[in-house]
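Chain naming here is simple, since letters A, B, ... match the order of the sequence lines and numbering starts at 1 in each. Because the structure is a prediction, the values reported are computed rather than measured.
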Amino acid sequence: MSSEALTPADAREAAEIIAGAMGRTVEIRGGGTRRAYGGNTAGGDIVLSTARLNGVIDYDPQELVLTVGAGAKLADIEALLAAKGQMLGFEPADLGPVFGEPAGQTTIGGILATNLSGPRRILTGAARDHFLGFAGVNGQGVAFKAGGKVVKNVTGFDLPKLMAGSWGTLALLTEVTLKVMPRPRAAATLLAHGLSPDQAIAAMTCAMSLPLAISGAAHQPGQTAFRLEGFGPSVEARLERLKSELASFGELEVRNETFTQTFWRDLARLDFAGAEGDLWRVSTAPAEGARAIAAAEDLRVMGMEIDWRMDWAGGLVWLRTPAGVALRIEGARRVRGEGAMPPSVLEPRDVLSARVRAAFDPAGVFLDRVLLP
Amino acid sequence: MSLTMPELDGEVLARRADIAAALRQIVPGEGVIDHIDGLRPYETDGLSAYSQTPMLVVLPQTTQQVAAILAWCSRNGVRVVPRGAGTSLSGGALPLADGVVLGLGKFNRILEIDDANRCAVVQPGVTNLAITHAVQDRGFFYAPDPSSQIACSIGGNVAENSGGVHCLKYGLTTNNVLGATLVTIEGEIITLGGKALDGPGYDLLGIVVGSEGLLGVVTEVIVKLTPAPECTRAALVAFPTVEGAAQCVADIMGAGIVPAGLEMMDSFAIQAAEAFVGAGYPLDAAALLIVELDGPVAECDHLLGEIEVLAGANGATSVKIARDDAERALFWAGRKAAFPAVGRMGDYYCMDGTIPRRELPGVLRRIQAMSADYGLAVANVFHAGDGNLHPLVLYNANNLGELEKAEAFGADILRLCVEVGGVLTGEHGVGVEKRDLMPAMFTPVDLEQQEALKAAFDPAFLLNPGKVFPNLHRCAEAGRVHVHGGKTRFPDLPRF
């Protein structure tokens with residue numbers, strides 16, 4: 001089925017397209033890097049690309065606030081911020097290659113619409129926590145705005161939170177305002193070697209209960225990693241404390257800034273997942289993270305090739321399995337692979353969510369999507 | 001003061017006795033209050049300028065009772081005003097003459113403290129500070145700290161998305177809540193979020209936090225616990241100009257220093273506070289910053305050094321670092337006393353706008369100019385780190401017309417906040433107080449979209465009607481936080 005691809009130059013043009021959909025569905029597309037995420041294969045009758053809604057509208061580094069078009073590329077935003085020593089605190093990454101798309105296409109609108117956050121989420125919060133305001137177009141083709149352009153605001157409903165993770169089912173984002181953060185001046189990683197997933201959970205639980213502002217706590221086969229960022233003397237002091245607190249967990253190793261940058265970037269990008277096989281995501285209470293891995297390891301015993309990463313101090317597990325495996329793990333969702341979604345997640349949505357959707361898009365103009373994190 | 005509320009439903013009022021009887025079927029005995037003496041304590045909240053005796057008060061104890069009450073009210077077209085501790089500064093819990101106040105005061109238990117997942121499951125009537133008290137021996141605290149934290153409830157914090165001095169570093173309520181049990185007006189019990197960081201579906205928790213009781217009633221909350229910092233340090237920095245102080249704030253934030261608190265006071269506020277508590281503030285300063293840092297000792301020491309350099313570069317005339325916790329408390333005593341100190345001089349009325357930090361000097365100049373135009377003095381205290389202003393407009397309620405003048409001045413300040421790119425309220429909420437100013441920030445279309453969402457949760461607009469949305473009328477200007485003779489409804493609660 002061929003779709004008509006349209007690239008409006010501004011919110012007004014976008015509103016006209018949506019208002020004129022006349023019963024056809026509209027698929028909002030940013031970089032398209034997570035189009036296949038969760039097994040969504042259906043496309044819209046009309047593809048509305050945000051490619052031209054990509055301008056920098058306001059960036060005053062001293063304010064630590066950025067307003068850009070939703071179609072702005074993550075790579076461009078990162079370069080813009082890096083030039084001023086700043087960053088997006090929630091550490092979004094380009095997942096294009098993991099989902100069969102080229103690198104470098106991910107847009108900020110797509111990141112917010114899917115609430116995509118990296119390892120630093122455990123310290124600084126998710127995309128939703130950095131999303132201050134937006135201008136958008138609802139399913140009736142009406143342009144509106146919500147939130148604000150300052151960090152502290154309780155005026156009206158917090159619609160940015162609702163847009164985060166709504167996967168383009170409520171409104172087209174045309175312009176978004178985000179909180180940005182200064183880049184840390186120093187960073188280091190403490191590695192613990194040889195821990196089992198259970199031991200890793202114990203080590204991470206211990207570390208996260210200490211006032212050390214840990215900005216990454218992850219575990220992969222044989223290696224548990226803790227990231228500390230901030231001002232040099234502070235990183236050093238916290239590193240010493242963490243080493244002494246984790247001394248009973250065996251061999252520890254401090255790694256430098258270069259290693260830190262690479263290690264956490266690779267984790268955020270899910271490099272381990274490659275492009276082949278099925279990919280599963282398990283969202284769980286952090287202390288329960290090892291359970292999913294134990295279940296996955298059963299597959300290895302059965303001779304299957306699997307791999308996994310545990311992030312967010314145990315609260316997030318990614319599993320790579322051979323294609324077509326049926327995995328019964330609580331909270332696990334297949335995000336890459338054929339027939340990815342268990343039907344119960346697809347529908348029926350609960351009544352309240354359906355009403356929320358209708359409040360923005362009563363006629364169901366925007367392409368229905370599985371609302372997966 | 002005139003405040004237009006939704007038109008009284010005489011038919012509902014006529015059924016008052018029947019409604020009380022029906023609610024008693026759900027919550028037996030003293031859980032339903034219909035006697036005037038029992039209703040009086042519910043007449044107002046922290047915005048004491050407004051009061052209204054509710055038709056009835058119901059005090060359920062279980063989620064099932066809340067669901068049954070709401071379902072009954074929904075079926076019978078009875079309006080409901082949810083209420084936590086009643087400390088709102090924007091009239092969020094102002095009752096309706098034909099409405100039932102649903103008080104959550106009996107939901108006062110901490111149900112679970114989960115160390116391993118760094119969270120606690122609490123009932124909404126638990127006070128903000130009680131959570132910290134319950135977890136501090138385990139090395140944790142609950143980070144958002146509204147100044148009323150000794151009295152305000154976590155359910156109210158969720159409704160208002162409450163902040164506090166430390167939200168600069170630790171975020172608002174919305175960033176510190178993982179889950180909630182929500183009861184809809186139709187009586188449906190819905191679980192939102194949980195101990196996992198995210199789940200499938202819309203982020204309904206995100207929209208419920210800060211919804212001011214318009215979307216549902218929360219009967220259980222999962223809050224995030226934060227490890228308590230190793231130490232806390234504070235510096236008092238004086239500037240000869242507001243510009244210097246404002247630039248210093250920008251430089252501190254821009255350097256990547258995230259203070260636990262970063263407060264500013266202008267000359268008038270400094271004088272008033274110093275006269276009241278004798279905190280040792282320099283009386284010749286045009287602006288004073290309190291910079292609080294928390295974290296490892298090595299970090300605090302290092303950052304205090306950096307802050308001294310930044311302060312010097314911006315012309316600071318003095319930088320005083322608290323030697324111990326007692327002196328740090330003294331630094332704060334003046335700031336925390338700013339409201340009552342100003343209250344000693346007469347009636348005041350507190351605003352709560354947020355602006356981009358870069359606009360601070362200009363906005364202060366314009367507020368001073370307005371002050372001269374209106375002939376009313378204004379003291380300025382702010383959460384400077386996030387640009388949240390609390391101008392206190394002084395007036396004398398005994399002088400005919402001065403109250404209205406103060407209200408007009410306050411509204412002008414908030415419009416100015418919006419004009420420079422800011423917002424009407426940073427942490428106090430819209431409630432009835434700023435309801436009629438909403439069109440200054442949002443177009444009719446913006447507001448219609450929000451009201452459509454309201455209707456998705458509450459199609460008949462029975463939950464807390466008359467709050468947040470100005471669509472009832474456009475004529476009357478609502479009043480705001482008026483304090484007469486230094487007396488508030490909660491005189492013992494700090495307000496800063």
Inset, instruction - Look at B:Glu186, B:Glu160, B:Gln450 and state which one has the largest set of heavy-atom pairs under 4.5 Å with chain A. - result: B:Gln450
Inset, instruction - Between chain A and each of B:Gly295, B:Ala455, B:Gly353, B:Gly199, count heavy-atom pairs under 4.5 Å; write down the option with the most. - result: B:Gly199
Legend entry - Backbone of B:Asp203 reached by a side-chain donor or acceptor of A:Arg128 within 3.5 Å: no
Inset, instruction - Write down the atom of B:Arg118, the atom of A:Ala313, and the distance for their closest heavy-atom approach. - result: NH2-CB, 3.9 Å
Inset, instruction - Inspect the contact between A:Lys149 and B:Glu359 and indicate whether a charged nitrogen and a carboxylate oxygen are less than 4.0 angstrom apart. - result: no
Legend entry - Engaged part of A:Arg183 at the chain B interface, taking heavy atoms whose separation is under 4.5 Å: neither
Inset, instruction - May I ask you to decide if A:Ala359's main-chain N or O and B:Gln449's side chain share a donor-acceptor pair within less than 3.5 Å? - result: yes
Inset, instruction - Identify the heavy atoms of A:Lys152 and B:Thr354 that sit nearest to each other, and give their distance. - result: O-OG1, 2.9 Å
Legend entry - Region of B:Leu178 in contact with chain A, defined by heavy-atom distances below 4.5 Å: neither
Legend entry - Test side chain to side chain donor-acceptor pair (under 3.5 Å) applied to A:Ser283 and B:Asp198, step by step: CA-CA 6 Å; A:Ser283 176; B:Asp198 51 26; 3.2 Å; yes
Legend entry - chain B interface, residue from A:Ala237, A:Gly315, A:Ala171, A:Pro233 that has the most non-hydrogen pairs under 4.5 Å: A:Pro233
Legend entry - Part of A:Met181 lying under 4.5 Å from any heavy atom of chain B: neither
Inset, instruction - Could you check which of A:Lys84, A:Met163, A:Gln62, A:Lys145 has the highest count of heavy-atom pairs closer than 4.5 Å to chain B? - result: A:Lys145
Legend entry - chain A contact via B:Ala228 - side chain, backbone, both or neither, heavy atoms under 4.5 Å: backbone
Inset, instruction - Below 4.5 Å from any heavy atom of chain A, which atoms of B:Lys224 appear? Answer side chain, backbone, both or neither. - result: neither
Legend entry - Region of B:Glu451 that comes under 4.5 Å of a non-hydrogen atom in chain A: neither
Legend entry - Residue B:Pro356 versus chain A: region with a heavy atom under 4.5 Å: both
Inset, instruction - Under 4.5 Å, counting heavy-atom pairs only, tell me which of A:Asp129, A:Val235, A:Leu212, A:Leu352 racks up the most with chain B. - result: A:Leu352
Legend entry - Residue, of B:Val430, B:Thr184, B:Asp114, B:Thr174, that accumulates the most heavy atom pairs under 4.5 Å with chain A: B:Thr174
Inset, instruction - Give, for atom CG of A:Asn115 and atom OH of B:Tyr202, the distance between the pair rounded to the nearest 0.5 Å. - result: 14.0 Å
Inset, instruction - Answer yes when A:Arg241 and B:Glu230 have at least one side-chain N-carboxylate O distance shorter than 4.0 Å, and no when they do not. - result: yes
Legend entry - B:Ile355, part contacting chain A, at a heavy-atom distance under 4.5 Å: backbone
Legend entry - Which portion of B:Asp446 sits near chain A, non-hydrogen atoms under 4.5 angstrom: both
Inset, instruction - With rounding to the nearest 0.5 Å, note down the distance linking CG in B:Leu197 to CD1 in A:Ile122. - result: 9.0 Å
Inset, instruction - Report the option among B:Leu172, B:Asp115, B:Leu215 that has the most heavy-atom pairs separated by less than 4.5 Å from atoms of chain A. - result: B:Leu215
Inset, instruction - Say whether, by atom type as modelled, one donor and one acceptor occur between the side chain of B:Arg358 and the main chain of A:Glu63 under 3.5 angstrom. - result: no
Legend entry - A:Leu210 versus chain B, the contacting section by heavy-atom distance below 4.5 Å: backbone
Inset, instruction - Please flag which part of B:Ser162 lies under 4.5 Å from any non-hydrogen atom of chain A: side chain, backbone, both or neither. - result: neither
Legend entry - Proximal component of A:Val356, with respect to chain B [non-hydrogen, under 4.5 Å]: both
Legend entry - Expected output: side-chain A:Asn153 to main-chain B:Val423 donor-acceptor under 3.5 Å: no
Inset, instruction - Name the option with the most non-hydrogen atom pairs under 4.5 Å to chain B; the candidates are A:Gly165, A:Ala202, A:Gly156. - result: A:Gly156
Inset, instruction - Using the side chain to side chain contact (heavy atoms under 4.5 Å, CB included) rule, take B:Leu204 and A:Leu162 through it: C-alpha gap first, then chi angles, then the decisive distance, then the call. - result: CA-CA 7 Å; B:Leu204 299 181; A:Leu162 188 60; 4.2 Å; yes
Inset, instruction - Quick one: pull up OG in A:Ser234 and NE2 in B:His302 and give me the separation to the nearest 0.5 Å. - result: 8.5 Å
Legend entry - Engaged part of B:Phe442 at the chain A interface, taking heavy atoms whose separation is under 4.5 Å: both
Inset, instruction - Inspect the contact between A:Arg185 and B:Glu306 and indicate whether a charged nitrogen and a carboxylate oxygen are less than 4.0 angstrom apart. - result: yes
Legend entry - Which atom of B:Pro200 lies closest to which atom of A:Arg333, heavy atoms considered: CG-NH2, 3.3 Å
Inset, instruction - Measure B:Cys300 against the heavy atoms of chain A and call it side chain, backbone, both or neither at under 4.5 Å. - result: neither
Inset, instruction - Give, as side chain, backbone, both or neither, the part of B:Leu168 having an atom under 4.5 angstrom from any heavy atom of chain A. - result: neither
Legend entry - Test side-chain hydrogen bond (donor to acceptor under 3.5 Å, both in side chains) applied to A:Gln140 - qualifying residues, sequence neighbours left out: none
Legend entry - Aromatic centroids of A:Phe157 and B:Phe457 separated by under 6.0 Å: no
Legend entry - Among the listed options A:Leu316, A:Val151, A:Thr155, A:Val65, the residue most often paired with chain B at heavy-atom distances under 4.5 Å: A:Thr155
Legend entry - Interface residue of largest heavy-atom contact number with chain B, from A:Arg281, A:Met204, A:Arg355, A:Glu288, under 4.5 Å: A:Arg355
Legend entry - Reported OG1-to-CZ distance for the pair B:Thr443 and A:Phe144, which is rounded to 0.5 angstrom: 10.0 Å
Legend entry - Contacting moiety of A:Ala126, where chain B heavy atoms sit under 4.5 Å: neither
Inset, instruction - Tell me, out of B:Arg138, B:Glu448, B:Lys195, who's got the most heavy-atom pairs with chain A below 4.5 Å. - result: B:Lys195
Inset, instruction - Please round to the nearest 0.5 Å and tell me the distance separating atom CG of B:Leu225 and atom CE of A:Met208. - result: 12.0 Å
Inset, instruction - Let me know if B:Met253 has heavy atoms under 4.5 Å from chain A in its side chain, its backbone, both or neither. - result: both
Legend entry - Among B:Gly194, B:Gly210, B:Ser211, residue most engaged with chain A (heavy-atom pairs, under 4.5 Å): B:Ser211
Legend entry - Close side-chain approach of A:Lys161 to B:Leu205, heavy-atom, < 4.5 Å: no
